[in-house]
Asks: 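One structure follows; several queries about it will come next.
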Amino acid sequence: MKKKGGLKNQHGKGEKPHENEDGSASSRHISLRYLSKVILPPLGGSSNTNYNQYQAESKGWIISPLDSRYRCWETYMVLLVAYIAWVYPMEVAFLHSSLPRSLFIADNIVDLFFAVDIVLTFFVAYINPRTQLLVRDPRKIATRYLSTWFVMDMASTIPFEALAYFFTGKHQKGLCFSLLGLLRFWRIRRVKQFFTRLEKDIRFSYFWVRCARLLSVTVFLVHCAGCIYYLLADKYPHGGRTWIGSVIPNFRETSLRVRYISALYWSITTMTTVGYGDMHAVNATEMIFIIFYMLFNLGLTAYLIGNMTNLVVEGTRRTMEFRSSIEAASNFVSRNRLPPRLKEQILAYMCLRFKAESLNQQELIEQLPKTICKGIRQHLFFPTVENVYLFKGVSKEILLLLVADMKAEYIPPREDVIMHNDAPEDVYIIASGEVEMISCEMEKERVVGSLQSGDIFGEVGALCCKPQSFTYRTKTLSQLLRLKTRALMEAMQIKQDDNVTMFKNFLQHHKKLKDLKIGDIWLEGGEEDDDPNMSVNLLTVADTGNAAFLDELLKAGLDPDIGDSRGRTPLHIAASKGHEECVLVLLKHACNIHHRDIDGNTALWDAISAKHHSIFRILYHWAAISDPHTAGDLLCSASKRNNIMVTKELLKHGLHVDSRDRHGKTALRIAMAENHQDMVKLLVMNGADVGETDPSNLPSVNLNEMLQKREVGYRVTMPDALPKGVISRGEEGEEENNLGRLKGMSSPRVSIYRGHPVLRRDSCCTEAGRLIRLPNSLVELKSIAGEKFGFDARNALVFDEQGAEIDSTEVIRDNDKLYVVEDSNSLM
């Protein structure tokens, strides 16, 4: 429905309608960028209460570790670590005697950056490894850092050489300062974290990232070993008895490039165990170092071949599978030429599933026994579910049943959860995140509302049994609790009071939202009404058989004769479903009994077709008072449709076989006109008057033969005192209830009822009557009535349908309805 100006969402915040971009440059990569900086909320976690625990944005002085600006700073620090890891071994081995001033200044500037990083770390939030939540408390951040990495970070950042120069005025060199400088290698752990993050980033090739990581480790070890081996040769007192001195006697005077390449050559040939060539150990010190270096290489090789195969390959198996699935999805999109928006949705979903699977939450729950699973869901989901408007005031027992059937799902941004015109199969509760409600008009999308944590959607289609009128799309990463519609409806039927409470909550909630003019709730044309008639709920309540809530809705002024798309009113539905209490409530509120649906059926027809006899008797009693042609219309409709079953049921209920419809036709005339031979036989054998019919219309039926059999059947099967009606015998010998009269017979039949006719109508009495042959005197009639109804009828009074007292049987006609009252005192 259209409305001028901005629309208000369910929380009263103004929001202008806007067209959604489909594949635009501004929103094309929003999902993947967002998911790379998101922390999954816990199951059942509410963003209202725990918002700061899993949002990636920085807040105030606290910096999120997933903030893009902090990510850039971390990348810059990795570059500085690479500089230190490469330069410092060369300074110790090759430049310890003459360190250039520029390099000395650069080292101290790098140390200054790491000092800034230490201060910055006190303001960086961290992810709790157990709960996977973001901790922003400054005290907890400081305590954690001081108790873990602070000491080592501080030790690796102190510029020992600069301090010594500051206090002594000289560059201090020696083994002590070299060992203290090795603390800088503590920063290499940043490189490991950097490569781990790149491996999970689908924007980079997993293969080349892994190759770069392993190559970096190998080159760093070769570099360090070469520098150490050269340092041994440089410190050895006999220059000629060294690995490099035996080849280059004056190696200290050669260029730095030659010395460094020689050291790398030795290190690489030693690591690969292909032989030394001209460079080999000469003195004992070198040999001892090579012994340990070779043992180290042996262990390193075993690690690379054995443990790396198990730990690295198996440890990254999920990442490899994830990257393989991403590559397969990309190929699928390219091969089938899918639009960019669908590609982003597919990739975003797969990234989110990979993150969720790493937590092993759902797998763990499914492995546990059912009782433990219920307990977990109740603990996680119950606080969110009990605050949903639909379940306010509902008993805890029902809520626990609903919670036990719920499942948590993580949905990425810009993902359609419910599509327009989808069948109402699921109901969703937002545990965290935000969902947009989108209207689709003329193939254009327009946002009409925004749902937050604690809201529910999909319940309109579920409770009203109709397709969804809106598309519900996630705006941010959202955690949704999914509940099957079938489970919701079954839970509502357990307790009648809770059923009424849920429907009341449903109505009251959407009355507050009437400014939205939601098409699912309001009737067409309801925009001008102050209190739109939500009578679609009458059909739902009538279908569920909730008579108490149906009465509340009708008392509120809702139209009892509203129809669905097929013209079926609540009375049609209640009669066909067999909900007698709902039928009585609708009659009390003056519904139209004679309303017909698009198939021409009334509620009377639905009741008798479904064989709900008590409901049919109630409806027929009310319908016959206002329309004398009710019996004729029913019989003629059954005859025209050739519905033998319904015709038999109508005759069993005492409807006159020769009753005429509002056009003056009888069922027999219509059956003969439609050439329904079986229907003609049924009507004739049950006493239909054949005097006005033309036998030539149905030459295949011998009416005279049937009349003779009917006469014989009555003589045989109708004793003088027949307590339960008349029995006639058809051509195949089957017994039929005969509720008609035979033309020309001298003994008419009447129906007797207990109670005054006016009082019975006011009290909606449904006690069945008795069909008897009219006796010769009124005394005999009273005696028979006393036997049938079990009371002393000697002083009883007899009335006709209009309430007139009858004094003689001579005024009684065939098929009259008589009412027997015990005595005159009962009328007072």
Asks: Name all residues meeting the salt bridge (charged side-chain N to carboxylate O under 4.0 Å, His left out) criterion together with E805; count only those two or more places apart in sequence or in a different chain, and write none if there are none.
Replies: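 Expected list: none.
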Asks: Might you confirm whether atom NZ of K611 has over 12 heavy atoms from other residues, nucleotides or ligands at distances under 6.0 Å?
Replies: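 12 or below, so no.
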Asks: Can you name the salt bridge (charged side-chain N to carboxylate O under 4.0 Å, His left out) partners of D627, sequence neighbours left out?
Replies: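 Residues passing salt bridge (charged side-chain N to carboxylate O under 4.0 Å, His left out) with D627: R662.
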Asks: At what distance, to the nearest 0.5 angstrom, does CG of L480 lie from CE of M406?
Replies: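 These two atoms lie 11.5 Å from each other.
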Asks: According to side-chain hydrogen bond (donor to acceptor under 3.5 Å, both in side chains), who are the partners of D597, at least two apart in sequence or on a separate chain?
Replies: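 Partners of D597 under the side-chain hydrogen bond (donor to acceptor under 3.5 Å, both in side chains) test: none.
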Asks: Test of understanding: with side chain to side chain contact (heavy atoms under 4.5 Å, CB included), list the residues that count as partners of A603, not counting sequence neighbours.
Replies: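 A603 satisfies side chain to side chain contact (heavy atoms under 4.5 Å, CB included) with L571, A575, L619 once adjacent residues are dropped.
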Asks: Does N505 use its side chain to pair, donor to acceptor, with the backbone of K392 at less than 3.5 Å?
Replies: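 Present.
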Asks: Mark yes or no for whether S639, through its side chain, and A667, through its backbone, hold a donor-acceptor pair below 3.5 Å.
Replies: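 It does hold such a pair.
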Asks: Could you tell me whether the side chain of V435 reaches within less than 4.5 Å of the side chain of D455, counting heavy atoms only?
Replies: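 No - every pair of side-chain heavy atoms lies 4.5 Å or more apart.
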Asks: Which pair of heavy atoms, one from A671 and one from L683, lies closest together, and at what distance?
Replies: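 In terms of heavy atoms, the two residues are closest at CB-CD1, 4.2 Å.
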Asks: Run the side chain to side chain contact (heavy atoms under 4.5 Å, CB included) check on M502 and V394 step by step: do they pass?
Replies: CA-CA 7 Å; M502 289 187 195; V394 177; 3.8 Å; yes
Asks: For F616, which residues count as a ring-ring contact (aromatic ring centres under 6.0 Å, His included) partner, sequence neighbours excluded?
Replies: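 Partners of F616 under the ring-ring contact (aromatic ring centres under 6.0 Å, His included) test: Y620, H653.
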Asks: Side chain of H572, backbone of N601: donor and acceptor closer than 3.5 Å?
Replies: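 Yes; judged by distance alone, with no hydrogens or angles, the pair exists.
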Asks: Could you tell me which residues satisfy salt bridge (charged side-chain N to carboxylate O under 4.0 Å, His left out) with E397, sequence neighbours excluded, listed by chain and number?
Replies: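 Partners of E397 under the salt bridge (charged side-chain N to carboxylate O under 4.0 Å, His left out) test: K495.
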Asks: Counting only N and O atoms by type, is there a donor-acceptor contact under 3.5 Å from the side chain of H656 to the main-chain atoms of D658?
Replies: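 Such a contact is found between H656 side chain and D658 backbone.
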Asks: For a 4.5 angstrom cut-off between non-hydrogen side-chain atoms, does I562 reach T569?
Replies: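 A side-chain contact is absent here, since even the closest heavy-atom pair is not under 4.5 Å.
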Asks: T501: what forms a side-chain hydrogen bond (donor to acceptor under 3.5 Å, both in side chains) with it, not counting sequence neighbours?
Replies: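 Not a single residue meets the side-chain hydrogen bond (donor to acceptor under 3.5 Å, both in side chains) criterion with T501.
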Asks: Have E436 and S450 got a donor and an acceptor in their side chains that come within less than 3.5 Å?
Replies: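 Per modelled atom types, E436 and S450 side chains form no pair under 3.5 Å.
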Asks: Measuring from atom CE of M419 to atom CZ of F470, what distance do you get when rounded to the nearest 0.5 angstrom?
Replies: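 Rounded to the nearest 0.5 Å, the CE-CZ separation comes out at 14.5 Å.
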Asks: Would one find more than 12 heavy atoms of other residues, nucleotides or ligands at under 6.0 Å from atom CD of E490?
Replies: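 Yes - once you tally the heavy atoms of other residues, nucleotides and ligands closer than 6.0 Å, there are more than 12.
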Asks: Taking it one step at a time, do R473 and E445 satisfy side chain to side chain contact (heavy atoms under 4.5 Å, CB included)?
Replies: CA-CA 11 Å; R473 180 178 300 160; E445 296 183 347; 3.0 Å; yes
Asks: Cut-off 3.5 Å, side chains only: do H594 and S626 have a donor facing an acceptor?
Replies: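 Yes, because at least one side-chain N or O of H594 sits under 3.5 Å from a partner of the opposite role on S626.
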Asks: For R596, enumerate each residue passing the side-chain hydrogen bond (donor to acceptor under 3.5 Å, both in side chains) test, keeping only those at least two apart in sequence or located in another chain.
Replies: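 For R596 there are no side-chain hydrogen bond (donor to acceptor under 3.5 Å, both in side chains) partners, ignoring immediate neighbours.
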Asks: Mind checking the CD1-OG1 spacing from I430 to T384? Nearest 0.5 Å is all I need.
Replies: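 The OG1 atom of T384 is 11.0 Å from CD1 of I430, to the nearest 0.5 Å.
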Asks: Under the rule for side-chain hydrogen bond (donor to acceptor under 3.5 Å, both in side chains), what residues qualify as partners of S576, not counting sequence neighbours?
Replies: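 Here the qualifying residues are R568.
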Asks: Applying salt bridge (charged side-chain N to carboxylate O under 4.0 Å, His left out), can you list everything that pairs with K577, at least two apart in sequence or on another chain?
Replies: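 Per chain and number, K577 pairs via salt bridge (charged side-chain N to carboxylate O under 4.0 Å, His left out) with D543.
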Asks: Within the 4.5 Å heavy-atom criterion, are V750 and I812 side-chain neighbours or not?
Replies: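 Contact flag for V750/I812 side chains = yes.
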Asks: Drop me the distance from D816's CG to S751's OG, to the nearest 0.5 angstrom.
Replies: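 The CG atom of D816 sits 9.0 Å away from the OG atom of S751.
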Asks: Partners of C636 by side chain to side chain contact (heavy atoms under 4.5 Å, CB included), sequence neighbours excluded?
Replies: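 Here the qualifying residues are D661, I670.
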Asks: About how many Å separate CG of D426 and OG1 of T485, when rounded to the nearest 0.5 Å?
Replies: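 It is 6.0 Å, given to the nearest 0.5 Å.
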Asks: Within the structure provided, determine whether K817 and D800 are in side-chain contact (heavy-atom separation under 4.5 Å).
Replies: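 Contact flag for K817/D800 side chains = no.
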Asks: Are a donor atom and an acceptor atom from the side chains of D498 and S395 found within less than 3.5 Å of each other?
Replies: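 Yes.
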Asks: Consider side chain to side chain contact (heavy atoms under 4.5 Å, CB included). Of T602, I618, T630, L587, which one does I593 pass it with?
Replies: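 The single option meeting the side chain to side chain contact (heavy atoms under 4.5 Å, CB included) with I593 is L587.
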Asks: Name all residues meeting the side chain to side chain contact (heavy atoms under 4.5 Å, CB included) criterion together with I418; count only those two or more places apart in sequence or in a different chain, and write none if there are none.
Replies: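 If we apply the side chain to side chain contact (heavy atoms under 4.5 Å, CB included) test to I418, skipping adjacent residues, the hits are D422, Y428, F457, Q468, Y472.
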Asks: So does I438 get a backbone contact from the side chain of H420, meaning a donor-acceptor N/O pair under 3.5 Å?
Replies: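 Absent.
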Asks: Carefully, step by step, assess I429 and F381 under the rule side chain to side chain contact (heavy atoms under 4.5 Å, CB included).
Replies: CA-CA 10 Å; I429 298 174; F381 305 153; over 6 Å; no
Asks: Should E459 and Y389 be marked as a side chain to side chain contact (heavy atoms under 4.5 Å, CB included) after you check the CA-CA gap, both sets of side-chain angles, and the distance that decides it?
Replies: CA-CA 11 Å; E459 83 283 9; Y389 83 87; 2.6 Å; yes
